[in-house]
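Heads up, the thing below is written out as structure tokens.
In what follows, chains carry the letters A, B, and so on, assigned in the order in which the sequence lines appear, proteins first and then strands, with residues in each chain numbered from 1.
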Amino acid sequence: MPSGKSEKLMDLAKRRGFIWPSFEIYGGVGGFYDFGPLGSLLKNKIIQKWREHYVLEEGFFEIDSPSVMPEEVLKASGHVDHFIDAMVECQKCGTALRVADVAREATGRDIEGMPKGEIEQFIERHKVRCPDCGGVLGKIFDFNAMFRTTIGPGSRKVGYLRPETAQGIFVDFNRLQRYARGRLPFGVVQIGRGYRNEISPRQGIIRLREFTMAEAEVFFDPEDPHHPKFKDAANEVLRLWLAGDQEKGKERLTEVTAEQAVKKKLVCNELMAYYLALTKRFLLDLGIPEGAIRFREQTKGQRAHYSAETWDAEVSTERFGWVEVAGLAYRTDYDLSGHAKFSGKDLTMFSADKKRKVLCHVVEPSYGIDRPLYCVLEHAYAEEKKRTYMRLKKSLAPIDVGVFPLLNRDGMPEKAREVCEKLKREGLMAVHDNSGSIGRRYARADEVGTPYCVTVDHKTLEDDTVTIRDRDTMTQIRVLVGGLHGVLRSLLRDEIKFGEAGAQVGAKRLPEEFRRDTP
RNA sequence: GCGGCCGUGGUCCAGCCUGGUCUAUGACACAGCCUUGCCAAGGCUGUAACGCGGGUUCGAAUCCCGCCGGCCGCACCA
């Protein structure tokens, strides 16, 4: 058995079908992971929560655009030119190396960001050779981290797998702004896969070559960066790690409310502050504890080519330290201007309020889905004495309820199966399990975070009641089968307290108040 | 991509140095049956592995090479 907590978590995740290495029978490929049956359910629930915040609450428009994009789009977005590393190939042994690495190893100097021509001179002047075989280095070439492909037969039409879903939104801007009917700000979201051909992926599910992202582009008038519901978020406390403090090597966090952050100009505008607050709420909603959340301002050198200010939402993990789970970037008019220039189309918008044309600016809250999923698993993982269980939020648990017979005889298995089928028909994710002992079945359910277990026992056969066991407290209540679905539903939605949802187990008769079929 | 370590059933591991009774050890997990009146109990039975490819050898889990993958450090992470 593995010893560390994170090893045991990963063991559980693999064993029980949350996360698997992809293409395993062929030895696997780095940077790719499969979600197993439980992982898929969990991932979908996380996405569902995100939709609740951004599509329902914020009223943003969700679109779904292709993963393969023609070259022009990514030229305009700057990805073809900026999403790159300068590489050099050894003329003798043929290995490709990052120029900046070779140069640093050989000369101790950092040439990051140096123009291509100068790099070649630099290599020449310092006689930098291949660190593997000592061979002469060839021409500098760019390694673009996008996966390249061709569209249609032949190789004339170049395409790329999108590195972010955002560009699919920007290129639809004209149709979207018409859909928004002149109202600003408005937001558009897209949930989908993005692709980045990492040179060397590491850290399991944290650095993937193909991953799911949920991105929101909030379009606004740069002269009016207000959020209509800002007061709802104004008092949310944000823990900020300012760029200035990072540059000075200070670990200090600044705690301010969203409102203060704007007033003190720690954050560029009200919209940014609002979405920082919303991001915090989303993470809390996933069950990440408040103390494990912070916002780190990217320093100038860390920021993407399109960004004027970026905040990373980070979650503290045992295994990987602080993990970036979302990036909130002030993209200004970079993308719309770029696409306007490259396409020749007018991408301004007529503001119904201001009665004038506006070139929108963009604040982009962009979330990974895979990383938060890992964080959720790690924070939910709990060990108590001999018990291992996932303290997942009820609304995130892949399985809602397990249904077991107490014993495998006297018609209990049949009855349990019948109850399980009924719950499934009512729309609950219910699973039946009758192998091993009752204790083992509870343990199996605990391990994957199933919040409730229903047990059919002898009393069920007499009075049609079953017990419901609570995952976290291991206590039980007894309810009528007829009202079971309603009780479970209310429990799962946190509408009633467990102890008040049914009769105490051990009571000789079900008290009157619980003798009704629908609570 | 570099340097170091590593890769045996679902999981964790023994065996490797010192090739051969290895038709591969153990534990846990899983499936079936028995048992079982509520928290991983017990009994029996069963499924199941030497990362991939090449080489050395009469013979390779074991020695050598390449590839793939993993972990740690460096770098990268728009």
Residue met sooner reading RNA chain B from 5', once A:D446 and A:R196 are mapped to nucleotides: A:D446
Report which part of the nucleic acid A:Q476 touches: base, sugar-phosphate, or nothing (heavy-atom distance under 4.0 Å, all strands). base
For A:T455, answer base if it contacts any base atom (sugar-phosphate contacts may also be present), sugar-phosphate if it contacts only those atoms, and nothing otherwise; contact means non-hydrogen atoms under 4.0 Å. base
Base, sugar-phosphate alone, or nothing: which one does A:N408 contact when heavy atoms must sit under 4.0 Å apart? base
Can you tabulate the close N/O pairs, meaning under 3.5 Å, that link protein atoms to atoms of nucleotides 40-42 of chain B?
unit_1 : atom_1 : unit_2 : atom_2 : d
B:A40  : O3'    : A:R440 : NH2    : 3.4
B:A40  : N7     : A:K386 : O      : 3.2
B:A41  : OP1    : A:R440 : NH2    : 3.1
B:A41  : OP2    : A:S437 : OG     : 2.7

At a cut-off of 3.5 Å, list every protein nitrogen or oxygen paired with a nitrogen or oxygen from nucleotides 67-70 of chain B, distance to 0.1 Å.
unit_1 : atom_1 : unit_2 : atom_2 : d
B:C68  : O2'    : A:G27  : O      : 3.4
B:C68  : O2'    : A:G28  : O      : 3.1
B:G69  : OP1    : A:G30  : N      : 3.2
B:G69  : O4'    : A:G27  : O      : 3.2

Electrostatic pair A:R207:A:E198 at N-O distance under 4.0 angstrom: yes
Can you name the closest pair of heavy atoms from A:M412 and A:V456 and give their distance? SD-O, 3.6 Å
Hey, would you say the A:Y160 and A:Y195 ring centroids sit under 6.0 Å apart? no
Base of B:C76, side chain of A:R207 - is there a donor-acceptor contact under 3.5 Å? yes
Let me spell it out: for each of A:I25 and A:K14, pick the nucleotide of RNA chain B with the closest heavy atom. Which residue's pick is nearer the 5' end? A:K14
Identify whether any heavy atom of A:H305 sits under 4.0 Å from a base atom; if not, whether one sits that close to sugar-phosphate; answer base, sugar-phosphate or nothing. sugar-phosphate
Salt bridge (Lys or Arg N to Asp or Glu O under 4.0 Å) pairs touching residues 325-341 of chain A, sequence neighbours excluded, are A:E164-A:R331, A:R331-A:D335, A:R331-A:E364
Kindly write out the residues that satisfy ring pair (Phe, Tyr, Trp, His ring centres under 6.0 Å) with A:H305, not counting sequence neighbours, or none if the list is empty. A:H79, A:H82, A:Y334
Tell me, which of residues 412-420 of chain A have any heavy atom that sits under 4.0 Å from an atom in RNA chain B? none
For B:C39, does the base pair up with any side-chain atom of A:R469 as donor and acceptor (N or O, under 3.5 Å, distance only)? yes
Between B:C39, B:U36, B:C38, which one does the side chain of A:R478 approach most closely? B:C38
N-O pairing of A:K14 and A:D34 below 4.0 Å: no
Are A:D312 and A:R296 close enough for a salt bridge, meaning some N to O gap below 4.0 Å? yes
Distance test, side-chain N/O of A:R16 to OP1/OP2 of B:U11, below 4.0 Å: no
Its dot-bracket string being built from Watson-Crick and G-U pairs below 3.5 Å, with | for another strand and [ ] for crossing, RNA chain B has the pattern (((((((..(((.......[.....))).(((((.......)))))....(((((..]....))))))))))))....
Any side-chain heavy atom of A:R471 sitting closer than 4.5 Å to one from A:Y452? no
